[in-house]
Structure formats: C-alpha cells, structure tokens
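Notes follow the structure.
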Amino acid sequence: MPMDTHLPQLWNTCLGEIETQVTSANFMTWFKQTSALKEEEGVIVLAVPNEFVKEWMISKYHKLILKTIVNHASHIRAIEFIISAPPIEQHDKKSPHTTLQELPLQNVLINRDDNLNPRYTFDSFIVGPFNELAYAAAQAVVKNPQHAYNPLFFYSPSGLGKTHLIQAVGNEMKRLFPDKKILYVTAEKFTNDYVVSVQNNKANTFRDRYRKFDVLIIDDIQFVSGKEGTQTELFHLFNTLYEQGKNIIFSSDKHPNHIIGLEDRLKTRFNAGMTIDIQEPDLESRLAIVREKSAPLTQLISEEVILYIASSITGSIRELEGVLNIINMHAEVKQKPITLAEVKILVKNNIKTKKIISIDTVVKLISDYYNLDERVIYEKTRRKEIVRARQIIMFILREDFNESYPSIGAKLGGKDHTTVIHSYEKINQELKTDPQLMKQLEDIRILFK
C-alpha cells in the first residue's frame with residue numbers, strides 16, 4: 001500500500017513525539033504550521049510556511065525530525081522541505097505610509113511634576129513567564145498601596161522592561177489616586193539634585209522636596225554606588241517615607257546585595273520588602289513582544305520577518321524595539337514591504353551580537369589559567385585550589401554571562417544552587433578588599449574577548 005495514504009497520520013504521530021522533546025514555544029513556532037506532502041523513494045517532503053522556518057528546520061531540527069520519522073518508518077532515509085505559505089489574510093487597504101504613521105513611536109510629553117512618561121502603562125506592558133512575578137507584584141502595589149510590598153525592588157540587566165514597569169505603577173496610581181503626589185526619578189538625577197543643593201547651601205530644600213511625595217520611584221539605583229553623601233541622604237529619606245507609610249519603588253541592574261559600594265544599611269532596607277528578578281524573555285515572549293509592537297505594520301512586516309527578529313535577538317527588549325524602529329524607517333523610505341534579506345542586513349549592521357561562550361569553554365579557560373585539569377572542576381573535592389577555581393567559575397558565569405544559579409550548579413557536577421549563591425557572594429565580597437583577586441578576574445575576562 002502506498003505510504004502517501006498514511007502520511008498525515010505518520011506526521012501527526014511524529015509531531016506528538018517531537019512535542020515532548022522541545023519547549024512548547026519552539027513547537028508552536030516551528031512545527032505547528034508544518035505538514036507532510038509526499039514520500040518518494042525514501043525521501044519524505046515536509047511543507048513549511050516560509051524560507052526562514054525552512055532554514056531553521058534544516059539547521060536546528062533536521063536530525064531530530066529524521067530520527068523521529070525513521071523510528072516509525074524505517075525505510076525513510078532523507079527529508080526535504082518545501083515552502084507552502086498559508087493563505088494571506090485580507091486586511092483593510094491602507095497605504096504603507098498611513099500605516100507607518102500609526103506606529104506609536106513619536107515623542108510623548110513627560111509631565112514635569114512627576115517625570116512620568118504616559119507611554120509606559122500596564123496596557124502596553126507585555127507579560128510572559130520571564131516577568132509575570134514582577135508584573136503581579138506591581139499590580140499588588142497599585143491595588144493595595146497601604147499593605148503591599150514596601151519597598152518594591154526590581155532588578156535585571158538593561159533593556160528588559162524595568163523602567164516601563166515602574167513607570168506603569170506610577171501612571172496607574174496617578175490615575176487611581178489623583179490626590180497622591182508621585183515622583184519618578186533616576187538615581188543619577190537624584191544624585192545631581194543632592195550635589196547641587198549642597199553646593200548652593202540648600203540641602204534642607206532638597207530634603208523637603210523629596211519628602212513630600214506619597215510614591216517615590218527611583219530608577220537605576222546602582223548609580224549611587226560609592227557615593228557616600230548621596231547614600232546617607234537616601235538612607236534618611238527612605239526612613240522618613242517608610243515610617244509614614246509612603247510607597248517606595250526601586251530598579252537596579254543587579255540584586256541589592258550584589259551592588260558593590262552600596263552601604264549595608266541600604267541593602268538591608270532594600271531587601272525589607274519584595275525583591276524580584278526579571279529574566280530575559282523566552283522565545284514565546286519575544287514573539288509576543290514583536291507581534292504586539294509590529295501590529296500597526298502588518299502590511300509591511302511578514303510573519304517570516306517576525307520569526308527572524310524574535311529568534312535572532314535573544315536578550316534585550318530594547319533591542320527588539322530598536323530593530324522595529326529601524327525597519328519602520330527603512331520601510332517608510334521604500335514605501336513597500338520589507339524582505340527577510342533586507343531585515344537580516346539591518347539586524348547585522350545595527351545590533352551588536354553577543355559572543356556566545358559555553359559553560360564548558362568557561363571551565364576550560366579558567367582551569368587553564370590556574371593550571372588545573374578541567375575535569376577536576378566537576379569532581380567532589382575540597383582541595384583548596386580547585387574549590388577556589390570553581391568559585392571563580394561560578395562567579396564569572398553568573399556575573400558576566402547571566403547564567404541562573406540552578407543552571408550553573410547543574411552543569412558543574414550537580415551542585416545545589418545555594419552552593420552557587422554562596423560562591424558568588426564570597427567572591428563578590430572578597431573583591432572589595434583583595435586587589436590580587438581583582439587583577440586575576442581582569443586577566444580572566446580578557447580570555448573571553
């Protein structure tokens with residue numbers, strides 16, 4: 001009996017098996033719109049929606065697909081992919097120029113009384129697994145400001161939506177509680193205000209101004225690191241607002257305990273409420289972000305382009321927005337849809353590609369630096385020189401490559417994540433007083449460039 005009769009059933013069976021071996025986001029993105037078309041002389045032909053998906057299947061999933069099919073049809077020896085695009089949806093006919101004008105990228109007026117940008121709202125904030133806890137905490141503060149987390153402290157690398165979220169809290173509280181006095185300020189602006197007040201003998205004016213607010217939101221608090229006068233002023237301001245039941249919200253590029261040069265008394269207060277890490281968005285979340293932000297450009301940006309952007313830019317939401325802005329300008333000049341080839345060039349020319357280094361490579365480079373066999377790093381041993389090298393590896397993986405604590409522990413011989421946290425904090429503390437260790441880390445970091 002010809003095999004073609006059973007191709008749909010065969011492919012559905014294979015898809016069911018593949019679904020258990022990849023993430024749900026990857027399955028939905030790459031496999032959902034595929035189908036088996038025919039089989040000739042041991043070669044099965046699979047249909048995919050566009051060229052980018054075809055390239056991705058060949059480079060990332062070819063072995064998995066072939067192995068799965070062969071398990072159910074042993075005579076299959078090869079796979080071919082052809083593009084079979086889904087039907088194009090009908091849209092309202094608008095000129096590309098009209099569509100582009102509707103993209104909300106224009107400047108907005110920032111209120112000088114509270115420094116809040118009205119563009120940053122909860123409605124425009126895209127929630128995914130990477131930030132849902134932070135979003136829930138922000139909502140809790142808005143709904144019950146008197147009894148919610150205080151202070152609320154968000155931290156993450158740059159470009160993951162901290163500023164959007166903390167300003168969204170301010171804008172929503174402004175809407176719900178119009179009588180509340182709210183201020184958003186960067187730590188740099190706070191510091192500059194303080195320095196100017198001291199220079200002009202107006203420190204009391206500075207204090208009175210900042211203590212009148214019901215909601216104080218300070219962005220990039222790591223900027224006060226090492227600035228003793230500013231930290232002292234912030235400490236007293238915090239105490240005053242906290243004792244009065246005022247809401248205090250901070251953001252930073254790292255956990256308060258890991259901000260070098262931050263006084264312990266401030267770390268204690270920052271940790272007194274809720275401290276939340278915002279992770280990098282997964283593929284599913286990046287797709288949602290790109291689709292949301294490119295919605296007004298549906299005439300100009302294809303699903304193929306959206307997939308490419310979401311798959312290629314894995315770190316910063318800000319970079320995703322930056323790419324869409326570039327595409328916007330490019331398409332506006334051309335007055336026609338942008339192609340995948342053009343987008344690839346734009347991404348290559350405008351996005352700084354991160355150097356990807358595996359954990360194994362980090363282990364090897366640091367082991368070589370300390371003249372150790374890399375295999376001993378994974379062994380259970382208390383030899384001082386090996387424990388030391390392992391602690392530095394854990395520190396570098398966390399600090400420089402943003403690996404999660406559980407991931408580091410799992411890949412270094414099944415260590416518990418608390419061991420990794422201890423190692424990170426130990427090295428972090430020693431860096432404050434050990435110039436030799438600081439020099440070693442500088443030397444090691446050169447190896448990764």
Can you tell me if [X] and [Y] form a side-chain donor-acceptor pair at under 3.5 Å?
X    : Y    : answer
Q139 : Y135 : yes
T339 : E342 : yes
D219 : Y184 : yes
H417 : S404 : no
T121 : D123 : no

List the atom of [X], the atom of [Y], and the distance in Å for their closest heavy-atom pair.
X    : Y    : answer
A310 : R286 : O-NE, 2.6 Å
N131 : V127 : OD1-CA, 3.4 Å
I166 : F154 : CG2-CD1, 3.5 Å
S225 : G261 : OG-CA, 3.6 Å
I377 : S367 : CG1-OG, 3.4 Å
F130 : L160 : CE1-O, 4.4 Å

Evaluate the side-chain proximity of [Y] to [X]: yes if any heavy-atom separation is below 4.5 Å, no if none is.
X    : Y    : value
M394 : Y424 : no
L262 : F270 : yes
L234 : L266 : yes
F125 : L165 : yes
I386 : Y370 : no

Is it the case that over 12 heavy atoms from other parts of the model lie below 6.0 angstrom from the [atom1] atom of [X]?
X    : atom1 : answer
Y61  : OH    : yes
Q436 : CD    : no
F31  : CZ    : yes

Quick one: does [X]'s side chain have a donor or acceptor within less than 3.5 Å of a partner on [Y]'s backbone?
X    : Y    : answer
S252 : D220 : no
D214 : K181 : yes
N171 : Y120 : yes
K54  : I83  : no
K174 : K180 : no

Run the ring-centre check on Y210 versus F190 and record whether the distance is less than 6.0 Å. yes
Anything under 30° is parallel, anything over 60° is perpendicular, the rest tilted; go ahead and classify F238 against Y242. parallel
Are the charged groups of K364 and D360 less than 4.0 angstrom apart, N to O? no
Check ion pair E385-R388 (N to O, under 4.0 angstrom): no
Determine whether D208 and K212 satisfy the following criterion, salt bridge (charged side-chain N to carboxylate O under 4.0 Å, His left out), listing intermediate values before the conclusion. CA-CA 6 Å; D208 291 341; K212 71 180 182 181; over 6 Å; no
